Amino acid sequence: MQSAADVETMLLGPVLADRACGDCTACCTVLTVDTPDFSKPAETPCVHLGAHGCGIHAERPAICRSWFCGWRRVVDLPDEARPDRSGLLVSLNFVRATRNCFEGVSINVRTVTAGQAIDKRIAAIILDALCVQLVPVWFSDGAKKMLMHPDNDVASLVISGEAAPAHLEKEVAAWRARYGVFAGNG
């Protein structure tokens with residue numbers, strides 16, 4: 001069985017050597033962390049986060065050493081897509097109790113600062129770069145989320161199990177083959 005890090009590398013790519021977090025600390029606030037050695041709720045700054053970044057950077061928990069946002073991994077995302085610049089954080093999600101088959105393993109683009117990403121049009125650039133492979137992409141503002149990829153016609157057919165029209169048969173079959181394993185969870 002592959003580890004979460006292996007799946008992240010397979011779906012998002014390896015950590016890019018020429019990209020560093022710099023002053024960005026979006027993940028230190030936005031994400032839920034629930035590991036044996038550290039936990040914190042979503043939308044809550046880490047207790048170790050200070051004015052100049054991580055106060056325990058040299059001794060930070062394993063999750064903080066091994067997790068990297070999508071901007072650090074997806075080569076097609078521009079420099080402006082770094083979370084502190086774009087207002088959007090890209091991550092791979094693993095959900096055990098899903099509402100539908102597209103939630104099991106998916107890319108999530110979530111807002112860090114309301115409105116900033118939409119105003120700069122960076123959201124469209126990020127979504128265009130992510131919606132190119134057979135991986136569901138969700139967009140979330142923190143309160144609700146929307147499935148951005150696959151499109152609604154394909155998603156509805158995959159979830160319902162209905163026969164697809166000829167022009168969508170191959171695409172629907174591909175999504176069903178890949179995500180059918182999650183169908184029983186929703």
Side-chain angles (χ1 to χ4, degrees), residues 2-33 42 53 63-95 98 100-142 144-155 157-158 167-168 170-182:
Q2 292 182 318
S3 72
D6 292 339
V7 173
E8 285 180 328
T9 298
M10 182 178 71
L11 297 179
L12 298 178
V15 177
L16 301 168
D18 64 337
R19 292 195 181 165
C21 300
D23 294 332
C24 183
T25 58
C27 62
C28 302
T29 300
V30 174
L31 299 177
T32 298
V33 179
I63 188 68
C64 302
R65 292 174 185 274
S66 62
W67 186 87
F68 298 93
C69 74
W71 177 78
R72 295 277 318 264
R73 292 178 174 271
V74 179
V75 72
D76 290 336
L77 293 179
D79 286 340
E80 299 83 9
R82 192 173 88 174
D84 63 331
R85 296 176 186 146
S86 67
L88 296 168
L89 178 66
V90 176
S91 63
L92 196 65
N93 283 2
F94 301 92
V95 177
T98 63
N100 67 61
C101 63
F102 296 113
E103 288 184 324
V105 175
S106 62
I107 296 171
N108 191 17
V109 179
R110 68 188 90 207
T111 58
V112 174
T113 51
Q116 179 184 349
I118 305 303
D119 295 344
K120 290 184 174 180
R121 298 182 188 261
I122 191 70
I125 294 168
I126 291 171
L127 289 168
D128 284 347
L130 297 172
C131 295
V132 295
Q133 57 181 332
L134 207 58
V135 180
V137 177
W138 294 85
F139 188 88
S140 171
D141 65 2
K144 58 184 174 177
K145 64 183 185 180
M146 301 178 296
L147 183 64
M148 304 303 290
H149 180 67
D151 68 33
N152 288 336
D153 292 340
V154 171
L157 290 166
V158 171
H167 70 285
L168 295 176
K170 286 182 182 178
E171 185 177 2
V172 170
W175 283 101
R176 284 179 179 156
R178 166 121 353 137
Y179 287 90
V181 68
F182 298 109

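What you see is a predicted model; the values in this text were computed from it and never measured. One is the number of the first residue; the rest follow in order along the sequence.
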Keeping [X] on the side-chain end and [Y] on the backbone end, is there a donor-acceptor pair under 3.5 Å?
{"X": "Ser140", "Y": "Arg110", "answer": "no"}
{"X": "Trp71", "Y": "Pro78", "answer": "yes"}
{"X": "His149", "Y": "Gln133", "answer": "yes"}

Minimum heavy-atom distance [X]-[Y], with the two atoms named:
{"X": "Leu77", "Y": "Ala129", "answer": "CD2-CB, 3.7 Å"}
{"X": "Trp138", "Y": "Lys145", "answer": "CE3-CG, 3.7 Å"}
{"X": "Val95", "Y": "Thr98", "answer": "O-CG2, 3.4 Å"}
{"X": "Gly22", "Y": "Arg82", "answer": "CA-NH1, 3.8 Å"}
{"X": "Ala174", "Y": "Leu134", "answer": "O-CD2, 3.6 Å"}
{"X": "Leu88", "Y": "Ser86", "answer": "N-OG, 3.0 Å"}

State, with a plain yes or no, whether a side-chain heavy atom of [X] is found less than 4.5 Å away from one of [Y].
{"X": "Ser91", "Y": "Cys69", "value": "no"}
{"X": "Leu147", "Y": "Pro136", "value": "yes"}
{"X": "Leu157", "Y": "Val154", "value": "no"}
{"X": "Leu16", "Y": "Val75", "value": "yes"}
{"X": "Leu130", "Y": "Val90", "value": "yes"}
{"X": "Asp84", "Y": "Val112", "value": "no"}
{"X": "Val109", "Y": "Val137", "value": "yes"}

Quiz item: Does anything in residues 67-80 pair up under salt bridge (Lys or Arg N to Asp or Glu O under 4.0 Å), and if so which pairs, sequence neighbours excluded?
Solution: Glu8-Arg73
Exercise. Check the pair Leu92 / Leu11 against side-chain contact (heavy atoms from CB on, under 4.5 Å), numbers first and verdict last.
Key: CA-CA 8 Å; Leu92 196 65; Leu11 297 179; 4.0 Å; yes
Self-check item: Verdict with supporting geometry, Trp175 and Phe102, ring pair (Phe, Tyr, Trp, His ring centres under 6.0 Å)
Solution: CA-CA 9 Å; Trp175 283 101; Phe102 296 113; 5.7 Å; yes
Self-check item: Audit row: Val105, Val135, side-chain contact (heavy atoms from CB on, under 4.5 Å) steps and yes/no
Solution: CA-CA 8 Å; Val105 175; Val135 180; 5.5 Å; no
Practice problem: Evaluate the criterion salt bridge (Lys or Arg N to Asp or Glu O under 4.0 Å) for residue pair Arg176 and Glu171; output intermediate values, then yes/no. | Solution: CA-CA 9 Å; Arg176 284 179 179 156; Glu171 185 177 2; over 6 Å; no
Quiz item: In Å and rounded to the nearest 0.5 Å, what is the SG to CZ distance from Cys21 to Phe68?
Solution: 7.0 Å
Practice problem: Any chance you could lay out the side-chain contact (heavy atoms from CB on, under 4.5 Å) test for Phe139 and Thr111, step after step, and finish with the verdict? | Solution: CA-CA 8 Å; Phe139 188 88; Thr111 58; 3.9 Å; yes
Quiz item: When you look at Leu31 and Trp67, which way does the side-chain contact (heavy atoms from CB on, under 4.5 Å) test go after all the steps?
Solution: CA-CA 11 Å; Leu31 299 177; Trp67 186 87; 3.5 Å; yes
